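In what follows, a single structure is set out as structure tokens and then discussed.
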Amino acid sequence: MKTAYFNGAVLTMKSQRCAQALLEESGRIVAVGSNDEILSRADTAIDLKGCCMLPGFIDPHSHITQLATTLDLVPLGSCTSNEALVQALRRALPQTKPGAWLIGFGYDNNGLPGKQHPDKHVLDAVSDTVPILISHASGHMGCANSAALAAMGITNQTPDPAGGRIGRMEGSAEPNGYLEENAFIQLAQGAAAPSAEQLFRAMHKAQQVYASHGITTVQDGLTKQNEFALLDALAQQHALFLDIVAYPDMKEHASLLQAHPQYAGQYHNRLKLGGYKIFLDGSPQGRTAWLSQPYEKAEDGYCGYPIYQDEQVLAFCERAVMEGRQLLAHCNGDAAAQQYIDAYAQALHRHPGVDRDLRPVMIHAQTLRRDQLPALKHLGMIPSFFLAHVYHWGETHVENLGLSRAEAISPAQSACQLGIPYTFHQDTPVIAPDMLETLWCAVNRKTKQGRILGAEERLDPYQALCGIPCHAAYQYFEEHDKGALAPGMRADLVILDRNPCQVPPEELNQLQVLCTIKDGAPVYQA
């Protein structure tokens, strides 16, 4: 059956000019054109009533399995004091089953008095017998109470892991409950996991969250064995209604690509393994991102720190290049960005006969410097900017980096001028996968206090939109299937109440997703 969507603004993303209507059949776009032309060929018709249709939004970096696991956790994002944290956790404590952990997600120390992380004594006030673990909004750090520290085996004899730090009581080796980077990521794996049934329900809800924001292709940006087992089970049961591209953790779970060739570089029941993922540093708002120059007011010239040594990063890059796999590297600091640039360039130099069109991605690229951008273009490396940082943590970046460096974060306009295909993400569950808020951020670059942070890096609305479906489709090697509305392409569509290119820039974050369509079938309706 051929379905016409007519009487709207069909923004094809082939240009800024809009068509009036689109014709879909069997999950593919048949034609785009005028109302009369499209309606004359249709079996059924849907009136857009003047609303705007675009290609379905594409998420170039997030963690859908992590979002699923946070949906039933205690939300802490609105807490602005330790007392509020304690109250939120106490309210949830009676629902905690015997033997289970109480886990919270989303606190931000930058919104707490003195910008201090809570410690075990704060959480012990909730319970000193039930293990309690709370995660920072960035996912790079967190805090455990005394019972959780004991359950994880963390004592004053436990050394800091490479690329991480265990907080200590002042003047002693006693853990204070704070865990940073690898100390949190690795050691917190001892927390009790939800059941398979809970995870299946949560993954359905997580897909609904993305669909409600107009997203039709989603990423799982650090897939380990447990996450893959969940995604594989969902795929086998045909329980995925969005496309999911997973990137196995290269350090520990690289074998997933070899063990599951049906997913490697291709979709099977909506799941694809896109390549590998590595972490090279931490969080700029958490002051663990690796910078080339010290943080503001840093003691002893503190610049953050790397996760790996140069030779380890080179080995990762060489393996990806030799296997012809795409590599995604988390780089928030400009020193981490340079480490990735140098290692990838060296890997290509050592193996001159390999395919150079592997589209490596620099994830976050928060403090990527403008003078580093030409190297990305030379390597074919895509910067995926977490541009909503400008709004959510812009003032924190001014404090941590100084005004000059803070104004240069996420240099999207500079990348645009060089012809580099940039993408935008929200690193969900760090923040909601709200592409329209990110669109507003890219165009306005305002902080929560209303400061314009880096006016010269603002994009116009169409330039910003290009980073959402078009360049993201290119990042996934899917530009011939997704990212634009043209005959033969997949009918992955989003309908907005207004045309983003025609509303006042300050109103972009007020646009509403009315309907999300995947392969011709609605998966979300407001």
Side-chain angles (χ1 to χ4, degrees), residues 107-119 135-143 160-168 170 176 178-185 279-310 313 329-342 362-373 383 385-411 414 427 430-431 445 447-449 451 453-454 457:
Y107 85 88
D108 186 359
N109 64 297
N110 294 293
L112 298 177
K115 300 184 184 296
Q116 295 296 309
H117 292 270
D119 60 21
S135 172
H136 188 266
S138 69
H140 283 256
M141 52 209 67
C143 184
D160 290 353
R165 183 171 71 86
I166 297 171
R168 313 284 177 173
E170 187 173 354
N176 67 5
Y178 174 69
L179 304 171
E180 183 176 282
E181 297 299 339
N182 276 346
F184 177 70
I185 295 166
F279 265 82
L280 298 188
D281 71 340
S283 158
Q285 70 269 35
R287 294 173 72 98
T288 57
W290 185 27
L291 305 175
S292 61
Q293 299 297 320
Y295 284 92
E296 290 290 293
K297 302 177 183 177
E299 297 179 4
D300 303 322
Y302 174 74
C303 294
Y305 49 86
I307 301 295
Y308 300 113
Q309 299 303 308
D310 291 350
V313 180
H330 167 117
C331 306
N332 264 314
D334 63 323
Q338 193 63 49
Q339 186 185 47
Y340 188 32
I341 291 167
D342 292 344
M362 183 179 290
I363 298 295
H364 306 324
Q366 280 294 300
T367 59
L368 176 72
R369 303 189 310 272
R370 297 179 180 111
D371 66 285
Q372 293 173 311
L373 284 167
F385 296 118
F386 192 167
L387 219 152
H389 260 251
V390 172
Y391 174 72
H392 289 277
W393 293 284
E395 295 297 334
T396 299
H397 293 324
V398 172
E399 293 180 24
N400 286 344
L401 306 173
L403 182 60
S404 177
R405 280 190 293 180
E407 288 193 317
I409 65 170
S410 299
S414 294
D427 202 19
V430 175
I431 61 172
R445 288 187 70 103
T447 70
K448 284 185 175 179
Q449 281 67 40
R451 185 204 304 251
L453 198 61
E457 292 297 345

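One is the number of the first residue; the rest follow in order along the sequence. The structure displayed is predicted, hence computed values, not measured ones.
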Is there a donor-acceptor pair under 3.5 Å between the side chain of [X] and the backbone N or O of [Y]?
X: H117; Y: G142; result: no
X: R451; Y: G394; result: no
X: N110; Y: K115; result: no
X: D281; Y: G333; result: yes
X: Y340; Y: V313; result: no
X: D119; Y: N176; result: no
X: Q366; Y: F386; result: yes
X: N332; Y: G282; result: yes
X: E457; Y: S414; result: yes

Grab the two heavy atoms, one from [X] and one from [Y], that are nearest each other, plus how far apart they are.
X: A162; Y: N182; answer: O-ND2, 2.8 Å
X: I166; Y: R168; answer: O-NE, 3.4 Å
X: C331; Y: L280; answer: SG-CD1, 3.7 Å
X: A335; Y: S292; answer: CB-N, 3.8 Å
X: L368; Y: P383; answer: CD2-CB, 4.4 Å
X: P284; Y: Y295; answer: O-CE2, 4.0 Å

Taking the six-membered ring for Trp, are [X] and [Y] ring centroids under 6.0 Å apart?
X: W393; Y: H389; value: yes
X: H364; Y: F385; value: no
X: H140; Y: F279; value: yes

Requested in this report: Decide side chain to side chain contact (heavy atoms under 4.5 Å, CB included) for T367 and Q372; before the verdict, give the C-alpha distance in whole Å, the side-chain angles of both, and the deciding distance to 0.1 Å.
Outcome: CA-CA 10 Å; T367 59; Q372 293 173 311; over 6 Å; no
So, taking the atom named [atom1] in [X] and the one named [atom2] in [Y], what distance separates them when rounded to the nearest 0.5 Å?
X: L453; Y: R445; atom1: CG; atom2: CZ; value: 6.0 Å
X: Q116; Y: N109; atom1: CD; atom2: CG; value: 8.0 Å
X: Y308; Y: D310; atom1: OH; atom2: CG; value: 13.5 Å

**Report entry** Test side chain to side chain contact (heavy atoms under 4.5 Å, CB included) applied to M141 and L179, step by step
**Finding:** CA-CA 6 Å; M141 52 209 67; L179 304 171; over 6 Å; no
Report task. Please test L291 against L401 for side chain to side chain contact (heavy atoms under 4.5 Å, CB included), starting from the C-alpha separation and ending with a verdict. Result -> CA-CA 9 Å; L291 305 175; L401 306 173; 3.7 Å; yes
Query raised in the report: Near Q293 CD, under 6.0 Å, is it more than 12 heavy atoms from other residues, nucleotides or ligands?
Result: no
Query raised in the report: In this structure, are over 12 heavy atoms from other groups packed under 6.0 Å from E299 atom CD?
Result: no
Report task. Give a yes or no on whether a salt bridge exists between K448 and E395, defined as a side-chain N under 4.0 angstrom from a carboxylate O. Result -> no
Query raised in the report: Salt bridge or not for E180 and R287, using N-O below 4.0 Å?
Result: no
Report task. Please determine, by modelled atom types, if N400 and Q285 share a side-chain donor-acceptor pair under 3.5 angstrom. Result -> no
Requested in this report: Could you tell me whether the side chains of T288 and E181 share a donor-acceptor contact shorter than 3.5 Å?
Outcome: yes
Report task. Test T447 against H397 for side chain to side chain contact (heavy atoms under 4.5 Å, CB included), laying out the working first. Result -> CA-CA 10 Å; T447 70; H397 293 324; over 6 Å; no
